[in-house]
Amino acid sequence: MSDTRFDPSVADGRWQRAWAEAGTFTADSASPKPKSYILEMFPYPSGRIHMGHVRNYTMGDVLARYQKMRGFEVLHPMGWDAFGMPAENAAMEKGVHPGGWTRANIAQMKAQLQRIGFALDWTREFATCDPEYYSHEQALFLDLYEAGLVYRKESTVNWDPVDMTVLANEQVIDGKGWRSGAEVEKRKLNQWFLKITDFADDLLEGLGSLEDWPEKVRLMQENWIGKSQGLEFSFELSKPLPLGEGVGDGGSTPADAVPPPPAPPQGEGSLQRLAVYTTRPDTIFGASFCAIAADHPIAQGLAGDPAVAAFIDQCKKGATTAAALETAEKLGFRTPITAKHPFTGADLPVFIANFVLMEYGTGAVMGVPGHDQRDFEFATKYGLPIARVVAADPAQADAPFKGAAEAGDGVIVNSDFLNGMTVEEAKQAVIARAESEGWGTGKTVWRLRDWGVSRQRYWGTPIPIIHSPDHGPVPVPRDQLPVVLPEDIDFSEPGNPLDRHPTWKHTTCPISGKPALRETDTLDTFVDSSWYFLRFASQPADKPFDPEEVAKWMPVQHYIGGIEHAILHLLYARFWTRALAHIGKIDVKEPFAALFTQGMVTHETYSRIDEARGVPVFFGPEDVNRTSEGATLLADGAPVEVGRVIKMSKSKKNVVDPDAIIARHGADAVRWFMLSDSPPERDLPWSDAGIEGCARFVQRLWRLFSAYDADATGEDRALDRKTHQTIAAVAADIEALGFNKAVARIYELTGAVEKAAPSASRSAAIRALVHLAAPMMPHLAEEAWAAMGNTTLIADAPWPEVDPALLVDDEVTIAIQHMGKLRDTLTAPKGASKEDLEALAMSSANLQRSINGAPIRKVIVVPDRLVNIVT
RNA sequence: GCGGGCGUGGCGGAAUGGUAGACGCCGGGGACUUAAAAUCCCCUGAGCUUUGCUCGUGCGGGUUCGAGUCCCGCCGCCCGUACCA
């Protein structure tokens, strides 16, 4: 070892080739070893790997390499979530083919990933746009279709009339299409849906078993599923209402389509009853009005009145953000209709109200101002009675309200037969009464909607359905799969190119043989990512996966990705896994045993205010000279404002390109930086000083490794202890995903070894350090391992054994306190008796000075830790 | 509004109720060098009457021999979100 510098530009490539040639990270499902499946969320092939990817995959890589060293057969695959809109946008803007654009991006990003030296099993790589992948997806879709989990229905979508395309909710900005800027229209289209609601209860219940998921994600999913229990019942209306035009379901999109609300019971050509849903049937005696949504059939029926129509219009204009809703005023329109209270017979006024949503429950509510804050505000504004029906105790039955509704628990008052019951008892009593008298039923309502999977786009998995003139929608026969996307495609006009293609959609009915049309919609890309982890585990040619192979690897032991997928992707994958289990394809319900959501990579921003326009102009870090005092622009040497540390984004120009950093400092320095300092779930602020420090440490370790002397003799017990304690601690930290702490331990041991005199212990410590560094800085570790004369790969080496006897020190530092304040520290033998420790403490001059002769009332001794004297 | 998270040096952050600030970055001083880079050593929470003492983990209380950690009440920031009946 004569080289004084570690040269990553040579070493990185050397070891990356060595791993590839040896198949070091190829997972063998036939291995007798215990299995470990480590997975990071696969990337969309946008064209470039960014720092967020690097951080995400580095964490998974450390786990994968560590698990391998611990004797597991590790599956750590990588692939590409390759369908989706950006490819079509590129096709429209640059005239390239979406497939070609995607393939080129994949090639580029794969090369980038390989330069970072990730321990990936590239033999299992696939892209979701491979016909080999999506053909199996089509087969699974048909399996679910046959199991009755797929259905078709008319649903409203956001339609961009200029681009002639459907927009997701996120693509509608202020009511206009994000690309065209055109006013978005509501359109009704026949769309395919997956029955995720069949699994709502199971998906909710399953969250309880996911102990290694972040509490936050479980709560988000719980809220999204949104289970509530209550009573659905109907009021008799004072006068029948003629049915008007425009009765239909509310606005919705493919992503969260809304089934038509249960139609209120109807008389002949009229509405005689008003159905409402409440989670507080116990408060029914407090109802003083009813409120219906602006698009409720009754409101629509009254829309012939210009005043009603105007009010409905006003409701639709309201803002939808949470912040806006919070301050939005409750608005109502009093209709001439009244509703008869089922117990008191009182006539309650029926309002059209802006705070009632057609999409939830029945689109109508009973208003109980005393015990619902919205109803309280509404009643206050429109002078409606506010009755108390729940009180802290019966004596408070007529206590006044203090400016707000009381939604809490208590005892029922002013409520006839419910008086004296608890809230819970009264709920049950009212539901029982309603059911026995036939005017209502107990009901569970879910927020979760069925999953609309139709997309009017080219670059996705074709939905394997044929629309027959005689037999309606018919599944494509299995022997005709896959339905492959046509290559000759024209993006020169707006709209779905599949629909416009001259021949593709023309086929024959599988039943009658008569001419028929293919479904031209493609599947939501979330379908692609709902089962890719199964395909990684097993990829036979003739079917989506082999259940026995899948069983060897699943569930994923560590799933790592961004919090932005907390709901949709993770819920859909959980649903899809359950659906496959439901039809007997697999024997696992929860795909991801543990989930980890990593923080973002952030960077400070550099900007100047453009005087003319009054807006900030941002500069990239490469154009700025940053010192500890501030920052100046390289171009003119004048200062720029150093802004907050925020997520890297192109618009703020605070992006750092991984390739440039790797070229400069090597893969290991970047990997080390990704693991250092910040806890992995928190944001990681990128800084030049930080990466330079990491690059320095790589060299510092290299110098230490270069000083390795296999023949050194002599024992250094203290260093042996430090070594073994560090091995154990780093292992525990990695297993807990506390990478920043593992990094700190390695720094500590490095410092200790550097200071130690040559000995066999020191050489052993250096060997241990090479192993500890191997999962994090694999290129450096391999280079050092080879230089030490090994002909094997350290990636294949076992994690060092720990001698338990060396984990405990034989001397400990005892804190000497007086009244809980530190007065001295003394060393004592490990395991010294309480009496000895007390005597030792009393010998401390500092302690005696502090006590100053005061009588000792109590002595607290914590063995091996401290002595506290109380006076 | 609701739900979740966070608040510790100049910065990122450590700390099973038991020595607050591990480790890294920045900064200061020194060694080596003709010089620079690289490297190495020392210092680096504030203050004071400096063998030591006082203060100090967002604020105010409490529990405890002992609180960054537990409890109660506030404040601030971040993320999520659904006026869900």
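To find a chain, count down the sequence lines: A is the first, B the second, and so on, and within it residues start at 1.
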In sequence, state the C-alpha distance, the side-chain angles, and the governing distance for A:Arg745 and A:Asp733, and then conclude on salt bridge (Lys or Arg N to Asp or Glu O under 4.0 Å). CA-CA 9 Å; A:Arg745 305 271 190 194; A:Asp733 287 336; 3.4 Å; yes
Which of these, A:Phe378, A:Phe376, A:Phe333, sits in a ring-ring contact (aromatic ring centres under 6.0 Å, His included) with A:Phe289?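 Considering A:Phe378, A:Phe376, A:Phe333, a ring-ring contact (aromatic ring centres under 6.0 Å, His included) with A:Phe289 is found only for A:Phe378.
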Closest listed nucleotide, where the reference is the side chain of [X] and the choices are [options]:
X	options	answer
A:Leu866	B:rG12, B:rG18, B:rC83	B:rG18
A:Arg700	B:rA85, B:rG13, B:rG24	B:rG24
A:Arg696	B:rU19, B:rU39, B:rA82	B:rU39
A:Pro679	B:rG13, B:rC40, B:rC53	B:rG13
A:Leu357	B:rG7, B:rG52, B:rC84	B:rC84
A:Leu822	B:rA20, B:rC23, B:rG18	B:rA20
A:Asp677	B:rG24, B:rC65, B:rU39	B:rG24
A:Leu219	B:rG4, B:rG12, B:rC84	B:rG4
A:Met220	B:rC83, B:rU54, B:rG80	B:rG80
A:Thr813	B:rA82, B:rC65, B:rU19	B:rU19

Measuring to OP1 and OP2 of B:rA15, would you say a side-chain N or O of A:Lys741 lies under 4.0 angstrom away?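 Yes.
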Determine: side-chain N/O of A:Arg823 to OP1/OP2 of B:rU54, distance under 4.0 Å, yes or no.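 Yes, because at least one side-chain N or O of A:Arg823 sits under 4.0 Å from OP1 or OP2 of B:rU54.
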[atom1] gap between [N] and [M], integer Å:
N	M	atom1	value
B:rG52	B:rA38	P	38 Å
B:rC70	B:rG4	P	16 Å
B:rA37	B:rC32	P	16 Å

Can you confirm whether or not the ring centre of A:Tyr747 sits under 6.0 Å from the ring centre of A:Trp672?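 Yes, close enough.
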Once you apply a heavy-atom cut-off of 4.0 Å, does A:Ser676 come out as touching a base, just sugar-phosphate, or nothing?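 The answer is nothing, as A:Ser676 stays clear of every strand by at least 4.0 Å.
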How would you label the contact of A:Arg703 with the nucleic acid (heavy atoms, under 4.0 Å): base, sugar-phosphate, or nothing?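 Contact class for A:Arg703: sugar-phosphate only.
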State the syn/anti category of B:rG56 according to its glycosidic angle, syn meaning within 90° of 0.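 Anti.
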A:Glu681 CD to B:rG80 C1': how many Å, rounded?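 Atom CD in A:Glu681 sits about 17 Å away from atom C1' in B:rG80.
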Report the secondary structure of RNA chain B in dot-bracket form, marking unpaired bases with a dot and bases paired to a different strand with |, and treating Watson-Crick or G-U pairs with both distances under 3.5 Å as paired. (((((((..(((.....[....))).(((((.......))))).((((...))))..(((((..]....))))))))))))....
